[in-house]
Amino acid sequence: MARRPLPRILSNGSAQIARSRELARTAADSATDVLHPLITISRGLRRLAAAGRRKWADTPKDRRGPLLFLVASVVLVVALVPYGPLLAVISVMAAAAWHGRDRAPAEPEGPDESQAQRLQSLYDALVPYLSTPDDPAPLYAHGGDWEKVFPAYEFDGTGRVSHLVVRYPAYFTDGEADSRARIEQLLHAKSGRGREYHFDWDEEGNQLTVTVLSPLPTDIAAQRFVTSPGETVLGFTDPTQVQRTLPLSHGEEQRDVPPVVWRTGPRSTEPHLLVMGEPGSGTTTLLRSIALQALQHGDILIVDGSGTGEYACLTGRDGVLAVECAASGAVASLEWAGRETERRLIAANHARQAGQPLPDDTRRPLWLLLDRPGALAHLAAADGRPDPQSLLQVPLRHGRAANVTVVVAEQFDSADTLSDAVRQHTRARVVLGPASPTRLEAILGAPPHTTPVPVMPPGRGYARLGTGPVHRLQVPATPDPHDDATSDVQRQAVLELLPPRSAQVLVKPEQEPVA
């Protein structure tokens, strides 16, 4: 059959509808301009009437009679005076027009003198980096105008730039890290130090968006996070970086904060974690927070190489297999962890061959938390024992299949003591405390898109899970409840998360586990 043409109303109806909408919008704008005086007077009359009602409501009842007599006297005098009613109407209309005017202050168009001077200085500073002598129509030139290269800008209350869009020529080598770093360092210095800037490079549009990031919240205490089994909250980040929020309680307030969630288990692509930082940067706080979350669904074994008793609050708790501070105990515990990993693999293999579900003791997660294992290396060597990190080969290599997770925390000055197995299998990385961009890129595998600040609060740093983006990170406050410097609120928050004391020791690392 031959196709019949669509009716005319359907073939060109969209154009007619768009034209009708434009005519209606134009008519509405014209009517608004014509009726603007009437609208202003009506708004003023409503405001005057509201003021009269408030005055009448605020007047005591014993004074309302004299007030009515005074109003009636004024109305009588106005009525008897020649042209009184006309003058009264004119006065009321004038008062209504005055009270009905738009009181919103008119926003100034464009920046003021100081802001324009700051933008001009930014433009002049970018000229040597974004211009060439052979460009016939340069965007950047000495004595040029900044308005054509800064299409959008915002300033904060102190007069410093808080948001800026920078246009640059197409021949600028924005694909090279060194070229980007020079521009980012220059904008950071000229826009104001002491703040964190996020740089978003649009290589297709030849634009750079600079945004000043607000500080991450540091008052989030340890608590039960709304997560599923296999998810661990490392900390919290910017709302633009993740598409998920967690409901948190802060005193009597409730708020939603975007988290950095690390997924572990058999289906995880980053089953193990490495935490690096300076002394006092919060690495131990992060491990303590991970331990409290892991105890909800699994067992943990802690090796404290620092020997300062930061994990004493976990000793003897349900699910805590051991808290070792000595080299001998650490070696014995990790030897048991290696055998336990092999046992889980064998039991899981037998169950799969028999077509049966996995045993419960192989599905329960086992966490190995090592804080500064490099400090125990020379002690173990002096006793003729192996390096504790050498015993992590099996848990690191086969931990994902055996539901065993390894978390290692070390300081920058002992980074060379990390074994090759730890470096190779810990694809989830966290860096806490101040660090140079070179060190951040060496540990995380990619540079952050923000400028680090020289002074950071404890628990502040960066996180990268596998090959994902680099996130700003703030670890929840999880202090040692036995520390005298801990506040009562934070101490109580940690104590509420601790499991009860166990009646007996579940596993002794010196003994063989029961098959």
Side-chain angles (χ1 to χ4, degrees), residues 216-227 229 231-237 246-255 257 259-262 264 273 275 277 279-325 365-372 405 407-409 430 432-433 456-461 463 473-503 506:
L216 295 177
T218 59
D219 55 351
I220 299 177
Q223 55 190 279
R224 293 295 183 198
F225 302 117
V226 183
T227 57
E231 293 184 342
T232 303
V233 177
L234 300 179
F236 304 94
T237 184
L246 290 181
L248 301 180
S249 61
H250 179 64
E252 298 181 354
E253 299 179 356
Q254 296 286 336
R255 55 179 173 175
V257 182
V260 177
V261 178
W262 173 40
T264 58
L273 175 69
V275 183
S281 60
T283 56
T284 302
T285 299
L286 177 56
L287 260 66
R288 196 181 295 111
S289 174
I290 293 175
L292 293 177
Q293 298 180 62
L295 287 174
Q296 300 182 52
H297 308 286
D299 301 326
I300 64 173
L301 190 150
I302 301 175
V303 175
D304 184 9
S306 61
T308 56
E310 294 285 345
Y311 304 94
C313 61
L314 297 171
T315 303
R317 301 284 180 173
D318 288 343
V320 181
L321 304 182
V323 178
E324 299 292 347
C325 300
L366 174 62
W367 292 72
L368 307 180
L369 308 180
L370 289 82
D371 193 354
R372 298 200 64 190
T405 303
V407 181
V408 179
V430 173
L432 299 180
M456 290 185 176
R460 175 70 174 81
L473 181 71
Q474 179 62 51
V475 177
T478 315
D480 181 11
H482 297 167
D483 189 359
D484 296 336
T486 303
S487 64
D488 294 338
V489 176
Q490 295 181 352
R491 178 184 294 107
Q492 187 63 30
V494 176
L495 293 176
E496 290 178 355
L497 299 179
L498 290 175
R501 295 281 183 181
S502 57
L506 299 180

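Along the sequence shown, residues carry numbers from 1. All values reported here derive from a predicted model rather than from experimental measurement.
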*side-chain contact (heavy atoms from CB on, under 4.5 Å) assessment of I300 paired with L366*: CA-CA 6 Å; I300 64 173; L366 174 62; over 6 Å; no
*Chi angles and distances behind the side-chain contact (heavy atoms from CB on, under 4.5 Å) call for L473, T237*: CA-CA 5 Å; L473 181 71; T237 184; 5.8 Å; no
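- Note that OG1 of T405 is 10.0 Å distant from CD1 of I290, once rounded to the nearest 0.5 Å.
- Counting only heavy atoms from C-beta outward, the side chains of E496 and R224 never approach each other to under 4.5 Å.
- Counting all heavy atoms, side chain and backbone alike, L286 lies closest to L234 at CD1-O, 3.5 Å.
- Between the CZ atom of R255 and the CG atom of L246 there is a distance of 12.5 Å, given to the nearest 0.5 Å.
- Contacts of Q223 classified as side-chain hydrogen bond (donor to acceptor under 3.5 Å, both in side chains), with partners at least two apart in sequence or in another chain: S249.
- Closest approach of R491 and D484 over heavy atoms only: NH2-O, 4.0 Å.
- When all heavy atoms of L287 and L369 are compared, the closest pair comes out as O-CD1, 4.0 Å.
- The shortest side-chain heavy-atom distance between P259 and V257 does not fall under the 4.5 Å cut-off.
- Listed here is the closest heavy atom pair of T218 and P457: CG2-CG, 3.9 Å.
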N/O donor to acceptor pairs below 3.5 angstrom from side-chain atoms of residues 476-483, sequence neighbours left out:
unit_1	atom_1	unit_2	atom_2	d
T478	OG1	P476	O	3.1
D480	OD1	H482	N	3.2
D483	OD1	A485	N	3.2

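- A distance of 9.5 Å separates CZ in F225 from CG in L292, rounded to the nearest 0.5 Å.
- Counting only heavy atoms from C-beta outward, the side chains of F236 and V260 never approach each other to under 4.5 Å.
- Formation of a donor-acceptor pair under 3.5 Å by the Q474 side chain with backbone atoms of P458 is found in this model.
- A distance of 7.0 Å separates CD of E324 from CG of L301, quoted to the nearest 0.5 Å.
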*Could you go through the side-chain contact (heavy atoms from CB on, under 4.5 Å) check for W367 and T232 one step at a time?*
CA-CA 12 Å; W367 292 72; T232 303; 3.5 Å; yes
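- Side chains of V475 and L432 form a contact here, defined as non-hydrogen atoms less than 4.5 Å apart.
- The minimum heavy-atom distance linking L295 with L314 is given by the pair CD1-CD2, 4.1 Å.
- For residues 300-313, the set of pairs meeting the side-chain hydrogen bond (donor to acceptor under 3.5 Å, both in side chains) definition, not counting sequence neighbours, comprises R288-E310, D304-S306, S306-T308, Y311-D371.
- Distance alone, capped at 3.5 Å, places no donor-acceptor pair between the R317 side chain and the P500 backbone.
- In this structure, Q490 contributes its side chain and A221 its backbone to no donor-acceptor pair below 3.5 Å.
- The distance from atom CG of L370 to atom CG of L368, rounded to the nearest 0.5 Å, is 6.5 Å.
- In this structure, A493 and L497 approach most closely via the heavy-atom pair O-CG, 3.4 Å.
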*What do the steps show when you test L321 against I302 for side-chain contact (heavy atoms from CB on, under 4.5 Å), and what is the final call?*
CA-CA 8 Å; L321 304 182; I302 301 175; over 6 Å; no
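- When side chains are defined from C-beta on, R501 does not count as touching D318, because their heavy atoms never get closer than 4.5 Å.
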